[in-house]
Amino acid sequence: MQESRLFKIVYYLLERGQATAPELAEKFEVSARTIYRDIDALSGAGVPVYTEAGRNGGIHLMKDFVLDRAVLSEEEKQEILTALQSINTVQDGSSSQTLQKLSAIFQTESENWLEVDFSRWGDQGSDNEKFQLLKTAVIHCREVRIRYAGSNEVTGERIVQPCKLVYKSKAWYLKAFCTKKQGWRIFKLNRILEFELLEKSFARRECPEPTDMAEGEYREIVLRFPKEMAYRVYDEFDQGQIQRQANGELIVSAKMPEDTWLIGSLLSFGAQVEIVSPTDLKEVLAEQARIIYEKNKT
């Protein structure tokens, strides 16, 4: 326990530059006397830590101090290199030099087991370009002008303040504040048809929960599928939302946004899905199926 606390004190001082004994005592839930004993132990181990009295005094590390590579285990070194490898895949190789330097310092190579490609099959690179531009907007708090294909058959221009890129349910999304709607929204990256990074910046703020940003309302939807559709059901829904019946049928209960996307998703199951509730959704789906039939009957 003491060894873990000693490292945490060093990391804290590296990050903050200095701290007082009461401050460290409160953070690590020990007495100030224990902190002073820890400082003595660190000093005895060769860590250049010292204390200064006075109004602006406290506990300090010498400015040029860095942690020796031996502090990290082989597993921790590999985790750091793997993290950099994954970052490298989303930065067009801009972190490769850092990766090479740390590999040399650690005297080990990163296992190149991860590859990330943000483009769809057949895409000529615009998806990757879009991702890089939005990433820049998030990091540097820059507004972006987009043309977006919304869920209500409306394609329009918006100016958004990006907060975070999110990967969920096999798709990438952008959490952003929409200046037109004056509210938080989630945009599916595949539906962003045009994009332009603007010079105007904005003040960073915390993103609300996803359910507070959706354009449609969430409702509890209950669906029934035959056992033959298990492969699709487990692709689309979390295991905790699925109940397997004695006859093999699958009952799914999930809160979903009731919009045109939901109808399209349900229609993709063809005749292999039955809406148990709500009943009004059954009528909407049946009407859409009738329209499809009328358009395609011979």
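None of these values were measured; they are calculated from a predicted model.
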(request) Go through Ile39 and Ile59 one step at a time and tell me if the side chain to side chain contact (heavy atoms under 4.5 Å, CB included) criterion holds. (result) CA-CA 8 Å; Ile39 298 304; Ile59 301 168; 3.7 Å; yes
(request) Determine yes or no for a side-chain-to-main-chain donor-acceptor pair under 3.5 angstrom, with Gln182 supplying the side chain and Thr179 the backbone. (result)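 Yes: the side chain of Gln182 pairs with the backbone of Thr179.
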(request) Would you check if the side chain of Lys130 reaches a backbone N or O of Leu189 as a donor-acceptor pair within less than 3.5 Å? (result)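 Between the backbone of Leu189 and the side chain of Lys130 there is a qualifying donor-acceptor contact (under 3.5 Å).
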Less than 4.5 Å apart, side chain to side chain, heavy atoms only: is that true for [X] and [Y]?
X	Y	result
Tyr148	Glu194	no
Phe225	Val252	yes
Arg205	Trp184	yes
Ile9	Ile35	yes
Leu174	Ile186	no
Arg191	Lys188	yes
Leu165	Tyr173	no

(message) With a 4.5 Å cut-off on side-chain heavy-atom distances among I, L, V, M, F, W and Y, is there a chain of contacts connecting Phe195 to Val166?
(response)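 Different clusters: Phe195 never reaches Val166 through Ile, Leu, Val, Met, Phe, Trp or Tyr contacts under 4.5 Å.
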(message) When you group the ILVMFWY residues by side-chain heavy-atom contacts below 4.5 Å and let the links chain together, are Val222 and Leu250 in the same group?
(response)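 They do not share one cluster, since no chain of ILVMFWY contacts under 4.5 Å joins Leu250 to Val222.
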For [X] and [Y], which heavy atoms make the closest approach, and how far apart are they?
X	Y	answer
Cys178	Val160	CA-CG1, 4.3 Å
Leu13	Val49	CD1-CG2, 4.1 Å
Ile159	Glu143	CG2-OE1, 3.4 Å
Val276	Leu223	CG2-C, 4.2 Å
Val144	Pro162	CG2-CG, 3.9 Å
Glu220	Pro278	O-CD, 3.8 Å

(message) Tell me whether the rings of Phe237 and Phe269 are parallel (<30°), tilted (30 to 60°) or perpendicular (>60°).
(response)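 Correct class here is parallel.
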(message) For a side chain to side chain donor-acceptor pair (under 3.5 Å) check, start with the C-alpha distance between Gln18 and Tyr12, then their side-chain angles and the critical distance, and finish with the verdict.
(response) CA-CA 8 Å; Gln18 70 174 52; Tyr12 190 82; over 6 Å; no
Give, for atom [atom1] of [X] and atom [atom2] of [Y], the distance between the pair rounded to the nearest 0.5 Å.
X	Y	atom1	atom2	result
Arg290	Gln288	CZ	CD	9.5 Å
Ile292	Leu267	CD1	CG	4.5 Å
Ser277	Ile221	OG	CD1	7.0 Å
Lys175	Phe187	NZ	CZ	13.5 Å
Tyr50	Leu42	OH	CG	14.5 Å

Residues [X], [Y]: salt bridge by 4.0 Å N-O rule:
X	Y	answer
Glu199	Arg142	yes
Arg33	Asp38	no
Glu196	Arg145	yes

When you check the side-chain N and O atoms of [X] and [Y], is any donor under 3.5 Å from an acceptor?
X	Y	value
Tyr231	Glu236	no
Arg232	Gln272	no
Thr34	Ser31	yes

For the [atom1] atom on [X], are there more than 12 heavy atoms of other groups (residues, nucleotides or ligands in this structure) within a distance under 6.0 Å?
X	atom1	result
Lys282	NZ	yes
Glu29	CD	no
Glu26	CD	no
Gln239	CD	no

(request) Test Gln245 against Arg224 for side chain to side chain donor-acceptor pair (under 3.5 Å), laying out the working first. (result) CA-CA 10 Å; Gln245 306 301 297; Arg224 178 183 287 112; over 6 Å; no
(request) Determine the sole option in Asp280, Leu262, Leu281 for which the side chain to side chain contact (heavy atoms under 4.5 Å, CB included) test with Arg219 is passed. (result)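 Among the candidates, only Asp280 passes.
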